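Keep in mind that this is a model prediction, so the values were computed, not measured.
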Amino acid sequence: MTAIRSVVLGCGSYLPERVLTNAELAARIDTSDEWIVQRTGIRERHIAADDEFTSHLAINAARAALAHAGLDAQAIDLIVVATSTPDNTFPATAVAVQHGLGINHGVAFDLQAVCSGFVFALATADNFLRAGAHKRALVIGAETFSRILDWEDRGTCVLFGDGAGAVVLEAQPHAGTINDPGVLTTHLRSDGRHKAKLFVDGGPGSTRTVGHLRMEGREVFKHAVGMITDVIVDAFNATGLTAEDINWFIPHQANKRIIDASAHKLHIAPQKVVLTVDGHGNTSAASIPLALSVAVKDGRVKKGDLVLFEAMGGGFTWGSALVRW
């Protein structure tokens, strides 16, 4: 039996130069480094320059991923950018990325699932590739969340940062077993009943403004662990794999306590968990590919490793993906 797999050829990332530490935030609002670290695990985050847009971050991450894959940009015929902070209401940021890379063929579009965006974009590209519609895809998570934060709200402004990460996928025929390289399974969910728990209070179709991020932190935390483990169990059931088979768990980097609790509930050993939330903060759709890039660069993720992604975001949206490196 032969199956088409979306195989990861390379990954890359980009972080803005400016670093904003907890100490700097504590000098501006009523908070402290100890308070932030204890509740979130975050110590610092990167903030985009005034003239640095989401598309600029995405283009830099895409170029790094293409270099890692050893591919020219012209080999790409599908670009999916996951973002909640696009350059413009329209056109899609993905089109700006396409143009910035010098590509004028194929298709490019944005996908919006907030912090789950990268997993949703990965699943979308995977389905296009497996269907034979495209051959090679750039899947990018890119955010400038600093632009939608209320910097007087200490409950949210300390949590988020800016950045971008990308992977290059290629459709390849394989045996159709769990030992194949590439995306093995993806599972996506959403439930609009929870909108008020995590949302932005603006938009062109409602207030005609950009708005600011609003969050009921305790409610998000309460739902997060259960929802995350739910879609991971689905992934295990779909493949017959277990937590013991996982080499690396690369979750959405929102809060260290949520990550620790999820890993504990799933019986995933702490040494298998990739954590970058301390240095990146919550970069929403960019957080998983940023963490992946770190783990690949430092040699942790190796060929043949089984990598588990998961995320949860506003909406609520949540999802998982199992990928053989």
Side-chain angles (χ1 to χ4, degrees), residues 1-12 61-62 64-82 92 94 97-98 101 103 105-111 113 116-141 165-189 231-242 245-248 250 285 288-289 292-293 296 301-311 318-325:
M1 182 179 178
T2 301
I4 298 297
R5 295 291 194 195
S6 301
V7 176
V8 182
L9 299 184
C11 65
L66 287 165
H68 185 230
L71 283 180
D72 184 87
Q74 299 306 315
I76 300 298
D77 59 357
L78 170 65
I79 301 174
V80 185
V81 174
V97 173
Q98 182 188 38
L101 295 174
I103 303 170
H105 61 269
V107 64
F109 59 88
D110 287 358
L111 185 151
S116 306
F118 180 76
V119 174
F120 274 58
L122 186 72
T124 300
D126 174 50
N127 279 287
F128 272 109
L129 295 185
R130 288 191 295 107
H134 298 280
K135 178 63 177 176
R136 295 183 193 89
L138 262 172
V139 179
I140 306 169
V167 297
V168 178
L169 301 178
E170 181 180 72
Q172 295 180 3
H174 284 278
T177 74
I178 58 171
N179 295 314
D180 291 347
V183 179
L184 301 181
T185 190
T186 58
H187 298 268
L188 309 178
R189 301 275 184 84
V231 286
I232 291 174
V233 170
D234 285 347
F236 290 157
N237 289 339
T239 58
L241 295 164
T242 70
D245 298 310
I246 301 300
N247 295 106
W248 298 105
I250 305 183
I288 289 176
L292 171 66
S293 185
V296 170
V301 175
K302 300 178 179 64
K303 185 176 180 180
D305 281 356
L306 186 63
V307 183
L308 172 62
F309 302 136
E310 64 77 10
W318 64 105
S320 67
L322 270 174
V323 179
R324 180 78 66 184
W325 198 251

Got [X] and [Y] here, is their nearest side-chain heavy-atom distance under 4.5 Å?
{"X": "W248", "Y": "L292", "value": "no"}
{"X": "P181", "Y": "R5", "value": "no"}
{"X": "R324", "Y": "N179", "value": "yes"}
{"X": "H105", "Y": "I103", "value": "yes"}
{"X": "D77", "Y": "V107", "value": "no"}
{"X": "I76", "Y": "L66", "value": "yes"}
{"X": "L241", "Y": "L306", "value": "yes"}
{"X": "R189", "Y": "D234", "value": "yes"}

In Å, rounded to the nearest 0.5 Å, how long is the span from [atom1] of [X] to [atom2] of [Y]?
{"X": "L111", "Y": "I140", "atom1": "CG", "atom2": "CD1", "result": "12.5 Å"}
{"X": "F109", "Y": "T124", "atom1": "CZ", "atom2": "OG1", "result": "6.0 Å"}
{"X": "K135", "Y": "Q172", "atom1": "NZ", "atom2": "CD", "result": "6.5 Å"}
{"X": "L308", "Y": "F236", "atom1": "CG", "atom2": "CZ", "result": "5.5 Å"}
{"X": "I288", "Y": "I250", "atom1": "CD1", "atom2": "CD1", "result": "8.5 Å"}
{"X": "N127", "Y": "H134", "atom1": "CG", "atom2": "NE2", "result": "12.0 Å"}

Nearest heavy-atom pair of [X] and [Y]: which atoms, and what distance?
{"X": "A65", "Y": "L138", "result": "CB-CD2, 4.5 Å"}
{"X": "I178", "Y": "L184", "result": "O-CD1, 3.5 Å"}
{"X": "F118", "Y": "A82", "result": "N-CB, 3.8 Å"}
{"X": "L101", "Y": "A62", "result": "CD1-CB, 4.0 Å"}
{"X": "G319", "Y": "V119", "result": "C-CG1, 3.8 Å"}
{"X": "A166", "Y": "P289", "result": "N-CB, 3.8 Å"}

Next on the checklist: Before you tell me yes or no, could you show the steps for V323 and L122 under side chain to side chain contact (heavy atoms under 4.5 Å, CB included), namely the whole-Å CA-CA distance, both residues' side-chain angles and the distance that decides it to 0.1 Å?
Outcome noted: CA-CA 10 Å; V323 179; L122 186 72; 4.2 Å; yes

Next on the checklist: Evaluate V183 against R130 for side chain to side chain contact (heavy atoms under 4.5 Å, CB included), listing each step before the verdict.
Outcome noted: CA-CA 10 Å; V183 179; R130 288 191 295 107; over 6 Å; no

Next on the checklist: If the condition is side-chain hydrogen bond (donor to acceptor under 3.5 Å, both in side chains), which residues does D245 pass it with, not counting sequence neighbours?
Outcome noted: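 D245 satisfies side-chain hydrogen bond (donor to acceptor under 3.5 Å, both in side chains) with T242 once adjacent residues are dropped.
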
Next on the checklist: Restricting to side-chain hydrogen bond (donor to acceptor under 3.5 Å, both in side chains), what partner residues turn up for D110, sequence neighbours left out?
Outcome noted: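 Not a single residue meets the side-chain hydrogen bond (donor to acceptor under 3.5 Å, both in side chains) criterion with D110.
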
Next on the checklist: Checking side chain to side chain contact (heavy atoms under 4.5 Å, CB included) between V301 and each of V8, N247, V296, which is the one that passes?
Outcome noted: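 Exactly one option meets the side chain to side chain contact (heavy atoms under 4.5 Å, CB included) with V301, and it is V296.
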
Item to check | Residue of the set T186, I246, V307 for which side chain to side chain contact (heavy atoms under 4.5 Å, CB included) holds with L322 | outcome: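 Running side chain to side chain contact (heavy atoms under 4.5 Å, CB included) over T186, I246, V307 with L322 returns exactly one hit, I246.
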
Checklist entry - Does P173 offer a backbone N or O that forms a donor-acceptor pair with the side chain of T2 under 3.5 Å? => result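 Absent.
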
Checklist entry - For G176, does its backbone N or O pair with a side-chain atom of D180 as donor and acceptor, under 3.5 Å? => result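 Judged by distance alone, yes, a pair lies under 3.5 Å.
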
Checklist entry - Are V139 and D126 close enough, and set up right, to give a side chain to side chain contact (heavy atoms under 4.5 Å, CB included), and what steps lead you there? => result CA-CA 10 Å; V139 179; D126 174 50; over 6 Å; no

